[in-house]
Visitor: 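Below is one structure. I have some questions about it.
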Amino acid sequence: MDFQQIEKKWQERWKEDRVFEPKVDKDKEKFFITVPYPYMSGSLHIGHGRTFTIGDIIARFKRLEGYNVLFPMAFHVTGTPVLAIADAIRAGDDKVISLYRDYVGIYEDDEKKIEEILHSFKNPENIARYFADKVIRDFISMGYSIDWRRKFHTAEPIYNKFVEWQFKKLYGKGVIKRGKYPITYSPVDGNPVGEDDIEDGDVNKVTIMEFTAIKFEFGDGFLVAATLRPETIFGVTNLWINPNGEYCKIHVNGEKWYVSKEAAEKLRYQKEKIEMGRCLSGTYFIGKFAKEPVNSRKIPILPAEFVDVDNATGVVYSVPAHAPYDYQALADLQKNEEYLRKFGLNPQDVKKIELIKIIDIEGYEMPARDICEKMKIENQKDPQLEEATQIIYKDEFYSGILNEKCGEFAGMKIGEIKDEVKNWLRTTGKADVFYETSRKAVTRNGHKVIVAVLQDQWFIDYSQEWWKELGHRATSRMIFYPEKYRDMMHDIIDWLDKRPCARKRGLGTKFPWDREWMIESLSDSTIYMAFYTIAHIIREENITAERLKEELFDYVFLGKGDSKDISEKTGIPKEVVERMRDEFLYWYPNDLRHTAPAHMSNHLAFFIMHHVAIFPEEHWPGGISLNGLMIREGAKISKSKGNVIPLAHISERYGVDLFRLYCATAADLDTVMDWKESEVSSLRKRFQRIVAIIEESVNSREIDKLNHYDRWLLSRFYKRYKESVELMKNFRIRDATLNMMFHFVNDIKQYEKYVGKERRRRIIRKILEDWLLMMSPVVPHITEEFWHRLGHDSYISLEKLREAKMEYVDERVEMEMDYVDSLIEDIKEILEVTKLKPKGVYIYTSPAWMKEVVKKISDASPKDAMRIAMSVDIPVNKGEIAKFVKRVLKEKIKYMNIEELEVLKREKEYIEKEIGAKIFINSDYDPKGKKKIAVPFKPAIYIEG
RNA sequence: GCGGGGGUUGCCGAGCCAGGUCAAAGGCGGUGGACUCAAGAUCCACUCCCGUAGGGGUUCGAGAGUUCGAAUCUCUCCCCCCGCACCA
């Protein structure tokens with residue numbers, strides 16, 4: 001069977017006949033499913049494929065359930081990545097160029113053409129256009145049932161108009177604000193930099209650290225020392241200055257600060273008004289004194305070469321009791337008189353410096369000293385100091401308590417009081433803020449990255465109570481699968497705060513009130529599902545962006561105003577305006593959004609929040625379903641690991657239906673799925689077996705006269721069918737698919753044991769259509785193929801599920817066969833254990849009264865069982881009954897509504913075939929006296945060897 | 001830090017939410033057999049331990065508890081993983 005050719009054939013037919021382009025049909029219930037649009041910075045791989053595939057399976061199942069399903073798709077290009085790629089290609093960055101050469105190579109064979117395309121990537125729009133085009137191709141090749149009429153990308157003018165509208169609505173709610181905000185920045189480029197602009201930014205993330213810059217009085221100004229542990233200020237003993245560094249005086253908000261030259265440079269980007277003063281060598285400060293801000297103690301300024309002038313302010317205050325670095329540096333200094341004299345310091349003075357302990361913590365006398373001694377740290381260059389610092393920090397943070405030296409903070413746990421100390425220092429003017437990158441970073445061009453503070457950053461303020469309340473309400477009412485994500489979403493909504501929503505660079509939509517800014521990529525992708533409902537009309541009617549006025553969207557999405565006015569205002573015909581409104585009203589809300597859990601705390605939270613802010617309640621999101629990551633052979637799939645399988649190769653390498661089947665069955669939805677070649681090939685074999693079974697039945701005549709084996713199989717099938725429908729409805733795609741395909745195949749095998757292969761073809765033919773329908777969401781191509789081979793003109797992709805034929809469910813015949821098969825198992829086990837070669841097998845059923853008793857007590861509680869049994873009118877002595885009842889309870893014998901003797905006689909031949917020996921039922925021959933151990937539904941067995 | 005999720009028989013991984021029918025699905029791997037000149041593919045059987053009668057024993061991170069009964073519920077401990085503000 002040529003799977004590839006079958007896939008292609010049906011994909012083309014679906015496209016030709018516009019099978020997945022649903023129309024508004026008010027008589028039909030709709031279902032609107034979305035999966036977030038992919039980002040266009042490259043091609044997609046099997047990892048992405050899992051999410052889109054699950055989305056498609058759900059969409060197809062909903063169609064099967066009879067819904068009018070809309071599954072649209074678009075492309076995301078907002079932000080800097082595409083820009084950064086174009087920049088890198090233009091700059092001749094080899095790494096990026098070879099990466100994109102590989103990407104393009106997935107689709108093109110001709111070397112010359114590849115280079116040509118690569119060349120065109122110097123323009124970011126071409127990157128977006130190229131990959132959007134390929135993603136469409138890939139998605140079609142995956143059999144996704146997407147309505148492509150509605151596609152767009154996020155840098156298109158019509159979309160920009162929509163996003164502008166969204167922001168105007170948010171502005172009207174009072175949630176768009178401006179304020180200060182720290183960002184990573186390149187002074188050389190004069191630009192903010194994102195992860196994509198930073199060298200190794202993707203593997204070694206750069207975050208922004210907020211230091212507390214504490215002001216120590218010095219001369220006419222302050223030496224400003226930055227720290228991440230402001231609570232230790234109470235234990236300061238001295239300042240550290242790097243004697244090899246250069247320190248400058250700067251004017252900040254009317255104050256004079258002394259910081260390293262490098263820090264002064266950074267502060268220019270962090271403070272509003274900065275004036276540079278003159279610079280001095282670090283040695284100038286050494287030996288002088290400064291005053292600490294809390295108690296105005298005079299503390300000495302000492303030399304320390306471990307101080308990095310390019311980290312924070314280049315001035316460090318020393319807390320030797322609690323900071324291992326400080327402790328060790330001080331100890332080194334106290335030992336090195338010669339060095340001290342070099343700076344004109346009196347060694348005796350330095351030796352007099354005592355540790356000031358300000359934190360009480362169990363297990364430590366003097367924390368920094370204890371750990372340095374314990375770890376046998378020799379000097380301040382010892383690399384173990386970093387680890388020592390970590391250990392002390394963690395211990396003190398969780399179990400340290402500030403002591404009496406800490407004023408109003410005495411007796412408090414560090415973890416609880418840290419921020420309060422910080423705020424106290426800042427609000428009393430003893431300290432300020434200094435931002436620093438978490439590591440030394442440079443841009444891809446090698447330019448230094450620092451932290452700058454934007455003075456007029458645009459924010460969305462999620463912190464407002466009314467808004468969170470609406471968000472919670474929506475979250476409570478939505479469907480979440482898996483359910484656990486509902487609670488998580490509540491937590492996230494509580495945690496949401498102000499969030500910057502615009503950047504200075506990137507593709508996308510310009511900020512409506514400030515064209516210098518671009519709306520950032522997560523903020524422009526929150527309610528665009530609404531745009532899908534009208535995107536195709538905008539295209540069909542050739543409506544230009546200028547016509548997409550605020551009033552039009554107000555009418556279409558919010559029902560404000562009337563169509564006649566809007567038609568006049570925009571020049572769009574009234575019927576078209578009304579059609580847009582109709583289309584929106586029909587499809588909205590978005591019933592299900594399917595994606596990966598990584599989006600919870602950003603995209604999905606904004607998706608909910610923006611909807612509740614802008615739309616009336618009936619248009620709030622209906623649900624969220626999530627699936628876990630896909631990894632490959634135990635490793636994360638990534639370009640750098642070189643283990644990427646592009647979506648474009650699936651059809652050829654594996655077959656699309658097989659891939660989809662793997663996505664459906666290889667792992668539960670919310671767990672990580674491992675793509676393993678060995679598992680894929682084993683799945684292929686099992687899948688092919690099913691295909692073969694179907695193929696053999698397609699041309700068979702349906703069975704007419706059913707025997708009890710047939711009834712057994714039909715019963716199993718329709719039970720599974722019904723279960724599977726329920727499972728699918730509850731997003732249990734894996735269980736449903738396993739049940740419908742592999743568990744049912746086990747039934748078929750069992751059936752073949754009963755009656756052989758020939759009859760199987762005709763019995764399968766009888767259930768074939770129902771079977772194909774149930775499998776079609778997961779393996780749409782092969783089922784479509786067989787559907788048509790069965791003579792249908794309709795598409796299985798648009799068919800409706802049939803009611804399970806429960807009249808075929810026959811508990812009795814299933815119980816009978818269970819009974820027979822467990823008897824065979826028992827006989828086989830005895831043979832196994834005894835190693836007997838059976839000459840004859842004797843089977844003895846229990847006396848009839850026993851069955852009577854079991855029936856009577858089967859539903860009774862163990863307590864009542866005895867009493868009930870005794871009341872049964874049977875001619876057997878009570879002692880024997882009591883003994884038997886105890887056995888029933890102990891062995892948990894369950895009542896079955898079957899006639900054992902009849903069944904045994906009927907299945908005699910089958911049993912004999914299975915065990916390879918003659919059987920004798922209820923013979924008088926009983927040499928070992930086995931007969932008496934028979935109980936109902938578990939006959940006694942004697943094997944003559 | 002904040003939030004979430006886990007630890008199951010050689011491995012991966014179900015089951016645990018609704019305790020018993022769980023020695024615990026399925027796959028992979030392994031062993032044996034059929035087929036074959038042979039290998040591969042395929043198919044069948046077995047795969048915790050013991051057992052010459054359908055049975056018994058010991059298991060589900062560690063420990064304690066609830067219960068007639070716990071992989072499943074409660075508590076404590078140990079270990080692992082994931083997401084978190086501009087990054088899409």
Side-chain angles (χ1 to χ4, degrees), chain A residues 36-41 76-82 181-184 192 194-198 201-202 205-208 394 397-398 415 418-419 457 459-460 462 482-485 487-492 494-503 506 520-523 525 596-603 605-606 628-629 633-634 665-668 670-674 676-683 685-686 688-689 734-735 738-739 742-743 746 749 822-836 862-863 889 891-894 928 930 933 938-943 945:
Chain A
Y37 42 35
Y39 196 78
M40 288 301 106
S41 57
H76 200 198
V77 301
T78 308
T80 50
V82 169
Y181 196 72
I183 53 157
T184 45
E195 194 177 290
D196 316 288
D197 306 309
I198 295 172
D202 47 342
K205 234 182 125 159
V206 175
T207 56
I208 292 172
K394 204 178 151 207
F397 187 84
Y398 290 111
K418 196 180 170 82
D419 283 347
Q457 171 71 51
F459 291 93
I460 297 175
Y462 291 105
E483 177 63 37
K484 68 180 181 196
Y485 288 105
D487 285 343
M488 210 195 272
M489 184 54 80
H490 281 301
D491 287 339
I492 289 164
D494 282 334
W495 159 89
L496 283 174
D497 197 3
K498 284 197 188 66
R499 181 177 194 283
C501 62
R503 304 191 63 185
E520 160 285 331
S521 64
L522 282 163
S523 307
S525 311
H599 290 133
M600 280 292 290
S601 60
N602 42 50
H603 169 68
F606 305 149
L629 270 188
E633 311 291 347
T665 59
D668 271 352
D670 63 328
T671 60
V672 173
M673 170 174 285
D674 196 354
K676 292 189 196 168
E677 289 299 328
S678 64
E679 304 258 352
V680 175
S681 33
S682 125
L683 185 71
K685 284 171 215 156
R686 294 193 290 153
Q688 281 171 345
R689 192 180 307 159
R734 177 173 191 259
D735 293 329
L738 289 177
N739 196 27
F742 304 119
H743 296 166
N746 288 341
K749 274 193 203 165
S822 78
L823 175 65
I824 291 169
E825 233 172 84
D826 282 349
I827 295 169
K828 281 184 176 169
E829 190 173 347
I830 295 166
L831 289 174
E832 166 94 25
V833 171
T834 59
K835 312 268 187 285
L836 288 171
K863 263 190 279 173
L889 295 176
E891 293 179 19
K892 293 172 189 124
I893 297 168
K894 290 262 155 46
K928 288 275 171 72
K930 295 284 180 188
I933 66 167
K938 197 171 173 66
I941 299 162
Y942 168 69
I943 297 175

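Just so we're clear, the structure is a prediction, and the values are computed from it rather than from any experiment. To find a chain, count down the sequence lines: A is the first, B the second, and so on, and within it residues start at 1.
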Visitor: If you check the A/D491 side chain, which of B/G4, B/G55, B/A14 turns out closest?
Guide: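 That would be B/G4.
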Visitor: Quick one: sort the A/Y181 and A/F459 rings into parallel, tilted or perpendicular, breaks at 30° and 60°.
Guide: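 Perpendicular, since the angle between the ring planes exceeds 60°.
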Visitor: Just call it for A/T665: base, sugar-phosphate, or nothing, with non-hydrogen atoms closer than 4.0 Å on any strand.
Guide: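 No contact.
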Visitor: Using a heavy-atom cut-off of under 4.0 Å over every strand shown, decide if A/A667 touches base, sugar-phosphate, or nothing.
Guide: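 Counting heavy atoms under 4.0 Å across all strands, no contact is made by A/A667.
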Visitor: Have a look at A/Y942 and say if it touches a base, only the backbone sugar-phosphate, or nothing, with a 4.0 Å heavy-atom cut-off.
Guide: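 Base contact - A/Y942 has a heavy atom under 4.0 Å of at least one base atom.
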Visitor: Please give the distance between the C1' atoms of B/G7 and B/U66 as a whole number of Å.
Guide: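 B/G7 and B/U66 have their C1' atoms separated by 23 Å.
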Visitor: Which of the following nucleotides, B/A88, B/G54, B/U52, is nearest to the side chain of A/V833?
Guide: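 Out of B/A88, B/G54, B/U52, the nucleotide with an atom closest to A/V833's side chain is B/U52.
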Visitor: So which of A/S41, A/P81, A/S521, A/P36 actually passes side chain to side chain contact (heavy atoms under 4.5 Å, CB included) with A/H76?
Guide: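 That would be A/S521.
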Visitor: Could you check if a side-chain atom of A/Y485 sits within less than 4.5 angstrom of a side-chain atom of A/I492, using non-hydrogen atoms only?
Guide: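 A/Y485 does not reach A/I492 side chain to side chain.
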Visitor: Please write out the pairs of protein N or O atoms and N or O atoms of nucleotides 26-30 of chain B separated by less than 3.5 Å, giving the distance to one decimal.
Guide:
unit_1, atom_1, unit_2, atom_2, d
B/G27, O3', A/S682, OG, 2.9
B/G27, O2', A/E679, OE1, 2.7
B/C28, OP1, A/S682, OG, 3.1

Visitor: Which nucleotide sits closest to the side chain of A/K749: B/C44, B/C87, B/C84?
Guide: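 So the nucleotide nearest the side chain must be B/C44.
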Visitor: Indicate the atoms forming the closest heavy-atom contact of A/L831 with A/I943, along with that distance.
Guide: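 So the minimum-distance heavy-atom pair works out to CD2-CD1, 3.8 Å.
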